[in-house]
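Each remark here refers to the structure printed beneath this line.
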Amino acid sequence: MTNTQFLNDHADLATAISLYDKWAAKHVHDTHLPGLAIGIVHNGELLWGKGYGYADIASQTPTTLDTRFRIASITKTFTAVAILQLYDAGKLRLDDPISDYLDWFDLQYPDAPPISIYHCLTHTSGLPRDATTPPWTENVFQPWDEVVETTKTRQPMMPPLQDFSYSNLGYTLLGGVIEAVSGMPWARYITDNIVTPLGMDNTTVAPTESDPPIATGYLGIDAQYETAPVPFVETRGFSPSASLASSINDLVKYARFHLSKGQTPLLSGYSLRQMHRVHWLYDDWRTGYGLGARQWRINGYNVSGHTGGYKGYLTMFSVCRE
């Protein structure tokens with residue numbers, strides 16, 4: 001799919017995309033990738049996109065721009081938008097302690113301030129990265145009740161704002177805050193207040209095995225150049241950090257929202273700008289983290305978004321608001 005007229009007016013861009021298309025096709029072939037989907041957005045519209053390989057090898061189902069993938073940690077951007085919506089509505093403040101909304105949560109580093117919503121949004125809470133079980137290797141995610149009980153037994157690794165320390169647990173707690181403030185299950189809130197208003201009809205917030213098909217995830221190739229499918233696993237209590245399934249065509253709609261300059265139907269212009277600016281700068285001074293969005297400095301441009309890694313899937317969503 002190509003925006004022919006725009007590319008006709010920008011021959012250098014058309015040439016670059018043609019080369020990129022050929023490189024992507026060769027990369028899929030040479031590395032034995034089962035399938036790949038790519039979309040490039042300009043001014044909120046799909047400029048060019050294409051699917052390569054198969055969404056499922058056994059059935060030879062081709063990958064298209066409507067193929068749904070598990071987008072893993074890109075989910076964190078949706079959770080962050082939800083928190084900022086509640087902030088815009090005056091229902092919470094970003095510096096509020098998590099314990100104001102989760103009365104069971106009392107984790108606090110000695111002689112340090114309470115862990116806040118802001119700390120969890122920016123991965124500066126000092127909380128452990130994951131659950132007490134290894135979900136990414138054992139393919140078992142804890143339900144929320146178990147997350148609560150096991151979290152009570154833990155301790156932060158460092159005081160808030162001492163260092164950047166990526167935490168799926170922190171975003172899982174933000175899901176609990178969203179439920180406490182809105183009175184709605186996290187998945188319902190995300191569906192009703194973000195996915196549906198943006199017309200993302202091919203996106204599922206907390207997919208189950210019985211939902212519409214998702215591209216099959218595969219392990220890396222073995223010595224015989226064969227790969228095995230990954231069994232479907234629900235993210236359960238950790239859904240606010242890594243659950244969504246979506247497609248290129250739906251993520252174009254999501255990108256259009258994030259590229260907005262002023263007031264939007266979902267967020268104030270102020271909150272959207274805050275989401276996409278640096279709140280934590282890494283030591284290299286070229287990368288950082290915002291409010292639920294990674295930050296990169298690339299060729300003089302500020303780029304923000306999120307990567308996602310889930311067994312069988314690799315994803316990336318990025319926007320340059322400049």
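Computed from a predicted structure; not experimentally measured.
In this structure, the side chains of Ile221 and His32 come closer than 4.5 Å at one or more pairs of heavy atoms. Side-chain contact check for Ile98 versus Ser116: every heavy-atom pair is 4.5 Å or farther apart. Arg68 has its side chain within reach of Asn202: a pair of non-hydrogen atoms, C-beta onward, lies under 4.5 Å apart. Counting heavy atoms from C-beta outward, Arg70 and Phe232 have side chains that approach closer than 4.5 Å. No side-chain heavy atom of Leu169 sits under 4.5 Å from any side-chain heavy atom of Asp130. Taking the side chain as every heavy atom from C-beta outward, Lys76 and Asn168 approach each other to under 4.5 Å. Between Ile71 and Tyr310, every side-chain heavy-atom pair lies at or beyond the 4.5 Å cut-off.
By the side-chain contact (heavy atoms from CB on, under 4.5 Å) test, Ala55 is found to be paired with Thr61, Thr63, Thr67, Ala215, residues two or more places apart in sequence or in another chain being considered. In this structure His29 satisfies the ring pair (Phe, Tyr, Trp, His ring centres under 6.0 Å) test with no other residue, sequence neighbours excluded. Contacts of Lys26 classified as salt bridge (charged side-chain N to carboxylate O under 4.0 Å, His left out), with partners at least two apart in sequence or in another chain: Asp30. The ring pair (Phe, Tyr, Trp, His ring centres under 6.0 Å) check on Tyr289 picks up His123, Phe164, His306, with sequence neighbours excluded. For the ring pair (Phe, Tyr, Trp, His ring centres under 6.0 Å) test, residues two or more places apart in sequence or in another chain that qualify with Phe6 are His10, His42. Pro134 meets the side-chain contact (heavy atoms from CB on, under 4.5 Å) test with Thr137, Glu138; sequence neighbours excluded. Listed by chain and number, the residues in a side-chain contact (heavy atoms from CB on, under 4.5 Å) with Pro197 are Leu266 (sequence neighbours excluded). In terms of the side chain to side chain donor-acceptor pair (under 3.5 Å) criterion, residue partners of Asp211 (sequence neighbours excluded) are, by chain and number, Thr208. With sequence neighbours left out, the side-chain contact (heavy atoms from CB on, under 4.5 Å) criterion links Met157 to Ser165. Remark: Phe78 engages Tyr254 in a ring pair (Phe, Tyr, Trp, His ring centres under 6.0 Å) (not counting sequence neighbours).
As a member of the Ile/Leu/Val/Met/Phe/Trp/Tyr network built from side-chain separations under 4.5 Å, Ile57 groups with Tyr218.
The nearest pair of heavy atoms linking Pro156 to Ile115 is CG-CD1, 4.0 Å. Nearest approach of Thr133 to Val140, heavy atoms of both residues: OG1-O, 4.1 Å. For the residue pair Ile248 and Ala37, the shortest heavy atom distance occurs at CG1-CB, 3.7 Å. Taking each heavy atom of Asp88 and Ser271 in turn, the nearest pair found is OD1-OG, 2.7 Å. Residues Pro207 and Ala245 approach most closely at CG-CB, 4.1 Å, considering heavy atoms. The shortest heavy-atom contact between Ala206 and Ser239 is CB-OG, 4.5 Å.
Judged by distance alone, with hydrogens and angles left aside, the side-chain atoms of Asp250 form a donor-acceptor pair with the main-chain N or O of Thr203 at under 3.5 Å. Although no hydrogens or angles enter the test, the distance criterion places no donor-acceptor pair under 3.5 Å between the side chain of Tyr118 and the main chain of Leu291.
In the hydrophobic clustering of this structure, Trp23 groups with Leu33; members are Ile, Leu, Val, Met, Phe, Trp, Tyr whose side-chain heavy atoms approach within less than 4.5 Å, directly or through other members. Hydrophobic clustering of Ile, Leu, Val, Met, Phe, Trp and Tyr side chains at less than 4.5 Å, counting indirect connections, keeps Trp280 apart from Tyr109. The cluster map of Ile, Leu, Val, Met, Phe, Trp and Tyr, joined by side-chain heavy atoms under 4.5 Å apart, puts Ile298 and Trp285 in different clusters.
The environment of Tyr166 atom OH is dense: over 12 non-hydrogen atoms of other residues, nucleotides or ligands sit within 6.0 angstrom. Residue Tyr54 qualifies as open at atom OH: its count of foreign heavy atoms under 6.0 Å is 12 or below. Other residues, nucleotides and ligands contribute more than 12 heavy atoms inside 6.0 Å of the NZ atom of Lys152.
Within the model, atoms CG of Leu92 and CD1 of Ile117 stand 4.5 Å from one another, a figure rounded to the nearest 0.5 Å.
Taking the centre and axis of the six-membered ring of Tyr282, the NZ or CZ atom of Arg294 falls outside the cone set by 45° and 6.0 Å.
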request  = Evaluate the side-chain hydrogen bond (donor to acceptor under 3.5 Å, both in side chains) criterion for residues His279 and Thr122: first the C-alpha distance (whole Å), next the side-chain angles of each, then the deciding distance (0.1 Å), finally the verdict.
outcome  = CA-CA 7 Å; His279 287 259; Thr122 56; over 6 Å; no

ask   = How far apart are the C-alpha atoms of Glu322 and Asn302, what are their side-chain angles, what is the distance that settles it, and do they pass the side-chain hydrogen bond (donor to acceptor under 3.5 Å, both in side chains) test?
value = CA-CA 7 Å; Glu322 298 174 58; Asn302 294 322; 3.2 Å; yes

ask   = Given Phe238 and Trp136, is the ring pair (Phe, Tyr, Trp, His ring centres under 6.0 Å) satisfied, shown in steps?
value = CA-CA 11 Å; Phe238 270 74; Trp136 309 107; 7.8 Å; no

request  = Test Ser18 against Asp21 for side-chain hydrogen bond (donor to acceptor under 3.5 Å, both in side chains), laying out the working first.
outcome  = CA-CA 5 Å; Ser18 176; Asp21 176 24; 5.9 Å; no

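At a threshold of 4.0 Å, the pair Asp95-Arg93 counts as salt-bridged, since one of the basic side-chain nitrogens sits closer than that to a carboxylate oxygen.
Annotation: His27 is not in aromatic contact with Tyr52 [ring centroid separation under 6.0 Å not met].
Residues Thr15 and Asp12 have side chains that never bring a donor and an acceptor to within less than 3.5 angstrom of each other.
Listed by first and then second residue, the ring pair (Phe, Tyr, Trp, His ring centres under 6.0 Å) pairs involving residues 81-106 amount to none (not counting sequence neighbours).
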